Peer 1: 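Would you mind keeping the following structure in view while I ask a few things?
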Amino acid sequence: MAAAATFGFLHPLIRKPLVPPLYILPLPTQPHAKTHPRSLPLLFLLPRRRRGGPIAALPNTTSSSTNASASPTYDVREAEAAVADLLREGGASADDAAAIAARAPAYAAMLADGVRELDELGLWASWSSGASARLGLSGVVEMEMGRLGFRRKVYLMGRSRPDHDVVPLLESLGVRLSSAKLIAPYVASAGLTVLIDRVKFLKEMLFSSSDYAILIGRNAKRMMTYLSIPADDALQSTLSFFEKMEARYGGVSMLGHGDMSFPYLIESFPMLLLCSEDNHLEPLVDFLEHIGIPKPKIASVLLLFPPIILSDVENDIKPRIREWEKAGIEHDYITRMLLKYPWILSTSVIENYSKMLLFFNQKGISSTVLAIAVKSWPHILGSSSKRMNSVLELFRVLGISKKMVVPVITSSPQLLLRKPDQFMQNVLFFREMGVDKKTTGKILCRSPEIFASNVDNTLKKKIDFLINFGVSKHHLPRIIRKYPELLLLDLNCTLLPRINYLLEMGLSKKDLCSMISRFSPLLGYSIELVMKPKLEFLLRTMKKPLKAVVEYPRYFSYSLEGKIKPRFWLLQSRNIDCTLTEMLAKNDELFAEEYLELGGLLEKPVQSSIGG
């Protein structure tokens with residue numbers, strides 16, 4: 001049976017939510033139902049752990065068949081072999097037992113220390129009288145333990161302990177020995193062989209592909225950063241798991257790497273080991289695929305919100321999806337939101353959406369606007385109304401009307417996640433450049449994504465690039481006012497290639513600086529779609545010098561087929577020679593009046609756009 005159905009769950013000590021919460025920790029009183037383990041796969045490959053102190057060892061070693069001398073020998077390999085014996089006795093294959101024992105040094109050291117202490121104090125008789133019942137050796141109180149070899153003593157010491165095979169398995173996964181001893185009583189009833197198979201299944205399910213490991217880590221960091229609402233039990237457990245990862249090398253960026261994150265996943269959610277493959281895990285994966293989650297990305301959803309793995313599809317997950325459907329979110333968008341923000345299945349997030357609707361209604365903003373925003377950036381579902389209100393207040397200070405707030409939010413909903421001090425850094429960036437408040441507000445309306453960008457890593461880099469290239473600081477305010485989107489262009493993939501192309505065509509740095517200062521959208525045009533065909537027509541067909549575009553860089557803004565070619569062919573047919581400014585700057589009526597002496601032009605003007 002699925003773990004969610006087999007075990008009772010701890011209910012949160014809070015008021016009953018609108019939808020049932022995802023529960024995390026089951027009570028350890030009921031045994032696991034699976035009793036028919038599958039055949040074991042090949043070698044149980046697990047990361048070697050380096051925790052646990054070494055076992056005291058002397059140069060000479062003895063085998064388990066050799067009687068202990070007056071000065072016993074403690075050998076690391078003998079202790080490891082004894083642990084392997086315990087694991088084989090528990091049902092593990094020889095290969096799995098050897099691999100697990102090799103990666104459980106702290107457990108072996110603990111048993112060896114117990115043996116050494118009893119040897120030194122001569123307390124084997126008292127120990128064996130208590131251990132005989134546990135070991136099934138009734139009637140053999142005087143076991144002559146002193147005559148047994150070290151390996152045999154370690155083996156018997158291990159057999160006398162509860163969960164003697166599960167603890168080394170957990171340590172071999174990377175779980176700390178102290179945590180392994182706490183977790184073992186909860187999961188031991190499943191049986192060693194079942195747990196070995198289950199660990200392999202979980203690792204395959206969560207870490208079989210490394211293609212999305214970097215994205216998983218980035219999204220985990222983003223989800224933690226932007227959460228500003230109270231967390232329910234499921235979210236709190238997830239945050240605790242992320243915090244454990246953050247405290248280690250690489251932080252949550254290593255979430256998609258099994259060797260790093262799997263131990264902390266098991267420590268945070270030990271009941272994963274009680275989820276049946278056949279009755280719970282495989283049906284969960286099938287359901288996620290059925291609703292549209294690509295199989296390679298299922299691991300991302302589960303790692304970013306592990307309580308989903310413990311949840312029942314029918315009783316927990318489907319009701320939450322229906323909540324979003326009732327809110328008017330289409331099924332396809334729910335799937336996309338789940339991929340970007342698995343916390344949409346959290347009770348806290350679902351309830352916060354109702355609060356956000358109320359907040360938007362109070363601000364006079366349509367609920368449709370909120371729906372559009374959460375479809376694009378579901379992370380705002382974890383944002384409190386207080387944080388969003390502080391951002392909207394800053395919009396008001398910049399002169400953004402209620403009417404203009406709507407396109408700003410729908411085009412860049414991530415602005416609602418910004419902290420006031422972060423938003424003000426972007427405002428101050430423009431102020432330091434000499435851009436006044438009113439113009440800054442206009443830039444916000446025209447290109448809101450700029451205000452969601454990092455000042456140092458994105459905005460200032462573009463300004464520094466222009467200055468280093470030779471553009472005068474005096475011209476920067478005008479450049480940004482005319483084409484603020486320049487601040488969002490990729491430095492290496494967009495700006496540099498376009499500038500290098502124009503330099504290769506024969507323009508000097510001085511010419512380019514002059515062109516950029518007078519017409520900054522120049523750097524927004526595609527090389528292949530705009531610059532190259534228009535320059536070729538200018539040089540080869542129109543037979544004009546390259547200097548012509550230096551004098552009139554706005555040439556690149558006009559449609560080649562809709563305006564440049566028709567006017568050129570018309571002027572050429574009348575043997576009229578004129579500059580680019582004279583040919584293109586006039587509207588159709590003035591152009592016709594001056595060159596055709598007609599009331600209008602046959603061709604309608606075509607509005608040009610960046611990259612068109």
Side-chain angles (χ1 to χ4, degrees), residues 373 376-377 391-392 394-401 403-418 420-499 502 512-527 529-531 553-554 556-558 607-612:
S376 173
W377 263 85
V391 175
L392 293 179
L394 291 174
F395 288 177
R396 187 191 65 78
V397 172
L398 289 176
I400 309 300
S401 65
K403 181 180 179 181
M404 290 306 300
V405 164
V406 172
V408 170
I409 292 177
T410 52
S411 63
S412 293
Q414 66 269 37
L415 284 177
L416 296 175
L417 297 170
R418 300 282 280 176
D421 58 329
Q422 294 174 327
F423 186 87
M424 283 306 300
Q425 287 178 9
N426 295 63
V427 174
L428 292 174
F429 166 78
F430 288 104
R431 183 182 300 174
E432 291 170 358
M433 286 181 53
V435 179
D436 58 51
K437 185 171 70 174
K438 184 178 180 180
T439 304
T440 301
K442 291 181 179 179
I443 293 174
L444 172 60
C445 293
R446 174 174 170 175
S447 186
E449 189 179 347
I450 291 175
F451 290 80
S453 303
N454 183 278
V455 171
D456 294 325
N457 296 334
T458 302
L459 307 184
K460 284 186 176 180
K461 280 188 177 181
K462 313 303 165 48
I463 298 301
D464 292 342
F465 171 78
L466 292 176
I467 293 173
N468 293 334
F469 184 72
V471 175
S472 171
K473 290 183 180 181
H474 175 72
H475 294 134
L476 287 176
R478 183 178 186 276
I479 291 173
I480 299 304
R481 282 198 304 270
K482 294 293 183 181
Y483 186 50
E485 293 84 357
L486 182 147
L487 296 170
L488 298 175
L489 297 179
D490 186 273
L491 195 59
N492 296 316
C493 298
T494 304
L495 286 177
L496 276 173
R498 291 172 183 176
I499 284 180
L502 293 172
L512 269 179
C513 289
S514 173
M515 294 169 70
I516 294 169
S517 299
R518 289 178 289 121
F519 186 64
S520 51
L522 171 69
L523 297 178
Y525 294 119
S526 164
I527 295 175
L529 298 178
V530 179
M531 292 184 178
R554 193 176 291 273
F556 291 101
S557 69
Y558 298 107
Q607 294 292 334
S608 61
S609 60
I610 298 301

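Computation of the quantities below employed the complete heavy-atom set of this structure, encompassing side-chain atoms and omitting hydrogens, waters and symmetry-equivalent molecules. FYI, the numbering just counts along the sequence from 1. Note that this is a predicted model, so its numbers are computed, not measured.
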Peer 1: Identify the heavy atoms of R478 and F519 that sit nearest to each other, and give their distance.
Peer 2: NH1-N, 4.5 Å

Peer 1: Measuring from atom OG1 of T439 to atom CZ of R431, what distance do you get when rounded to the nearest 0.5 angstrom?
Peer 2: 13.0 Å

Peer 1: Is L486 close to L466 at the side-chain level, that is, under 4.5 Å between some pair of heavy atoms?
Peer 2: yes

Peer 1: Could you pull out the closest heavy-atom pair between L495 and K462, with the gap in Å?
Peer 2: CD1-CD, 4.0 Å

Peer 1: Drop me the distance from I499's CD1 to I516's CD1, to the nearest 0.5 angstrom.
Peer 2: 4.5 Å

Peer 1: Taking the side chain as every heavy atom from C-beta outward, state whether L523 and T494 have any pair of such atoms under 4.5 Å apart.
Peer 2: no

Peer 1: List the atom of K460, the atom of F429, and the distance in Å for their closest heavy-atom pair.
Peer 2: CG-CE1, 3.8 Å

Peer 1: Testing the basics here: between K482 and P521, what is the closest heavy-atom pair and its distance to 0.1 Å?
Peer 2: O-CG, 4.4 Å

Peer 1: Drop me the distance from F556's CZ to S526's OG, to the nearest 0.5 angstrom.
Peer 2: 12.0 Å

Peer 1: side-chain contact (heavy atoms from CB on, under 4.5 Å) for I463 and L487? Distances and angles first, verdict last.
Peer 2: CA-CA 8 Å; I463 298 301; L487 296 170; 3.9 Å; yes

Peer 1: Taking all non-hydrogen atoms of both residues, which atom of L496 and which atom of N492 are closest, and how far apart?
Peer 2: CD1-OD1, 3.7 Å

Peer 1: Using the rule side chain to side chain contact (heavy atoms under 4.5 Å, CB included), only one of L491, D490, L489 pairs with C493; which is it?
Peer 2: D490

Peer 1: For V471 and F465, run side-chain contact (heavy atoms from CB on, under 4.5 Å): C-alpha distance rounded to whole Å, both residues' side-chain angles, the deciding distance at 0.1 Å, then the answer.
Peer 2: CA-CA 9 Å; V471 175; F465 171 78; over 6 Å; no

Peer 1: Looking only at the aromatic ring of each residue, does the gap between the centers of F423 and F395 stay below 6.0 angstrom?
Peer 2: yes

Peer 1: Whether the side chain of S447 engages the backbone of I443 through a donor-acceptor N/O pair (distance < 3.5 Å, no angle test) should be reported.
Peer 2: no

Peer 1: With sequence neighbours left out, write down each residue that passes side-chain contact (heavy atoms from CB on, under 4.5 Å) with P420, or none if nothing qualifies.
Peer 2: S390, L394

Peer 1: As an exercise, state the distance from CZ of R446 to OH of Y483, rounded to the nearest 0.5 Å.
Peer 2: 8.0 Å

Peer 1: How long is the gap from NZ on K461 to CG on D456, to the nearest 0.5 Å?
Peer 2: 9.5 Å

Peer 1: Quick one: does L415's side chain get under 4.5 Å of L444's, heavy atoms only?
Peer 2: yes

Peer 1: Using distance only, find each side-chain donor-acceptor pair of residues 403-414 under 3.5 Å and give its atom names and separation, not counting sequence neighbours.
Peer 2:
residue : atom : partner : partner atom : Å
T410    : OG1  : V406    : O            : 2.9
T410    : OG1  : P407    : O            : 3.2
S411    : OG   : P407    : O            : 2.7
S411    : OG   : V408    : O            : 3.3
S412    : OG   : E449    : N            : 3.3
Q414    : OE1  : W377    : NE1          : 3.3

Peer 1: Just by modelled atom types, is the D436 backbone N or O under 3.5 Å from a matching donor or acceptor in the T440 side chain?
Peer 2: yes

Peer 1: Is there a donor-acceptor pair under 3.5 Å between the side chain of R518 and the backbone N or O of S514?
Peer 2: yes

Peer 1: Report yes or no: does R498 contribute a side-chain atom to a donor-acceptor pair with the main-chain N or O of G524 at less than 3.5 Å?
Peer 2: yes

Peer 1: Do you know the tightest heavy-atom contact between A452 and N426?
Peer 2: N-ND2, 4.5 Å

Peer 1: Between CG of L476 and OG of S517, what distance do you get to the nearest 0.5 Å?
Peer 2: 8.0 Å

